[in-house]
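First up is the structure itself, then whatever we jot down about it.
In listed order, ligands and their atoms are each counted from 1.
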Amino acid sequence: MPELRKDPVCNRWVLLAPQRATRPNEFAPQSQDRAPHPRGIPAAYPLPEDCPFCEGNESQTPAEIDAIRPAGTAANGPGWSTRVVPNRFPALEGTFTPLTAENVLYQQSPGIGAHEVMIESSAHLTTAREMDDHHFRNLVTVCQRRLLHFKHEGHWTSALWFKNVGPDAGASLAHAHSQLIVLPLLPPVLRDELAGSLSYHHRHGRCVFCDFIEQEQSGGPHQVAAAPAVLAFCPYASRFNYETWIVPRRHESHFEDTSPETLIQLAGVLRSVLVRIESRIGRASYNVILHSSPFDTHKLNHYHWHMEILPRISRSAGFEWGTGLAISTLPPHQAANLLREIQI
Ligand SMILES: [Zn+2]
Ligand SMILES: [Zn+2]
Ligand SMILES: [Zn+2]
């Protein structure tokens with residue numbers, strides 16, 4: 001069972017999940033004596049027919065929780081276009097119990113929550129360029145459905161949808177997939193964003209994200225891609241080269257409440273941004289994360305759901321870990337210009 005532990009200096013919860021160490025990793029270094037792949041694929045990558053996420057291998061994953069599949073096809077059989085399954089090596093698991101923290105110095109609590117995997121295509125696709133808008137529409141639709149499911153359970157605090165692509169972003173399998181973590185607490189990054197945006201709202205009477213949109217949408221130098229309801233731009237204080245955020249142009253605090261039309265546009269803009277980043281930095285490793293208001297809040301005037309795309313070109317080292325300050329080397333207006341130039 002995973003365990004949550006609280007650091008008493010910063011009041012920061014960390015997750016101890018030793019069982020995650022045993023999960024398979026396609027990107028891990030392999031021994032040199034492994035036979036070369038018959039199709040010339042590097043030895044570190046398994047044959048697609050061995051991939052647990054490929055159509056036909058449904059028995060290699062836990063039973064599906066949700067799927068987009070035509071009527072008449074059986075659960076856990078072929079025919080699907082998007083599948084949601086429990087993570088075989090969950091970071092969090094178990095039914096809800098209130099967090100307990102009795103010891104004054106070392107506080108801990110069972111690592112309850114949910115950890116699901118969204119398999120984004122039935123074919124063995126590994127990049128955004130190989131995927132089409134339809135894959136991304138199914139993905140954001142299923143993501144909204146799962147968030148609504150957990151919100152309606154009524155006791156979880158927040159959820160994080162994220163996608164890891166490439167070994168430097170923490171991906172362990174190449175087949176296009178993303179993950180949903182459901183938490184019994186407010187994670188520090190979301191807590192800080194909520195507090196910071198509330199403070200901005202107190203001082204200026206406006207949503208800080210809406211102000212970004214107003215600044216960037218009228219031909220601002222940081223714009224990367226746009227649709228009538230959705231905008232993508234490189235943030236002024238980017239932490240990573242080519243960091244890009246995607247936001248709904250209208251003020252919306254909860255992703256699960258967004259309209260089907262906005263979801264369709266989000267899918268198109270997300271694919272467009274990822275293809276541009278993959279084209280610009282080749283064999284890209286990146287994370288995509290979705291930040292949305294906690295489940296236990298009503299509409300918030302100061303917080304605005306968004307996606308952050310974080311390319312992993314350089315590694316964090318002593319300076320970044322020790323100070324909490326990020327270093328990027330490409331000004332965001334140049335990054336946006338380079339991304340806009342890519343022909344999709
Ligand atoms: Zn596969
Ligand atoms: Zn807003
Ligand atoms: Zn955020």
Answer key: the N, O or S atom of His124 nearest to the Zn ion (ligand 1) is ND1
Go through Leu180 and Leu160 one step at a time and tell me if the side chain to side chain contact (heavy atoms under 4.5 Å, CB included) criterion holds. CA-CA 6 Å; Leu180 182 71; Leu160 178 74; over 6 Å; no
Closest to the Zn ion (ligand 2), among the N/O/S atoms of His251, is atom ND1
Q | Arg280/Glu341 ion pair, N-O < 4.0 Å | A | yes
Which atom of Glu308 is nearest the Zn ion (ligand 3), counting N, O or S only? It is OE2
Rounded to the nearest 0.5 angstrom, the CG-CE distance for Leu16 and Met1 is 12.0 Å
Row for the Zn ion (ligand 3): angle NE2 (His306) to OE1 (Glu193), 10° precision, value 90°
Restricting His304 to its N/O/S atoms, the closest one to the Zn ion (ligand 2) is ND1
Exercise. Hey, would you say the Phe209 and Tyr303 ring centroids sit under 6.0 Å apart?
Worked result: yes
Inset, instruction - Report yes or no: does Cys210 have an N/O/S atom closer than 2.8 Å to the Zn ion (ligand 2)? - result: yes
ang(SG Cys54, the Zn ion (ligand 1), ND1 His175) rounded to 10° is 110°
Judged by modelled atom types alone, do Glu216 and His222 share a side-chain donor-acceptor pair under 3.5 Å? yes
The Zn ion (ligand 3) has as its nearest N, O or S atom from His291 the atom ND1
- Message: Could you check whether any side-chain heavy atom of Asn76 comes within less than 4.5 Å of a side-chain heavy atom of Ser59, counting everything from C-beta outward?
- Response: no
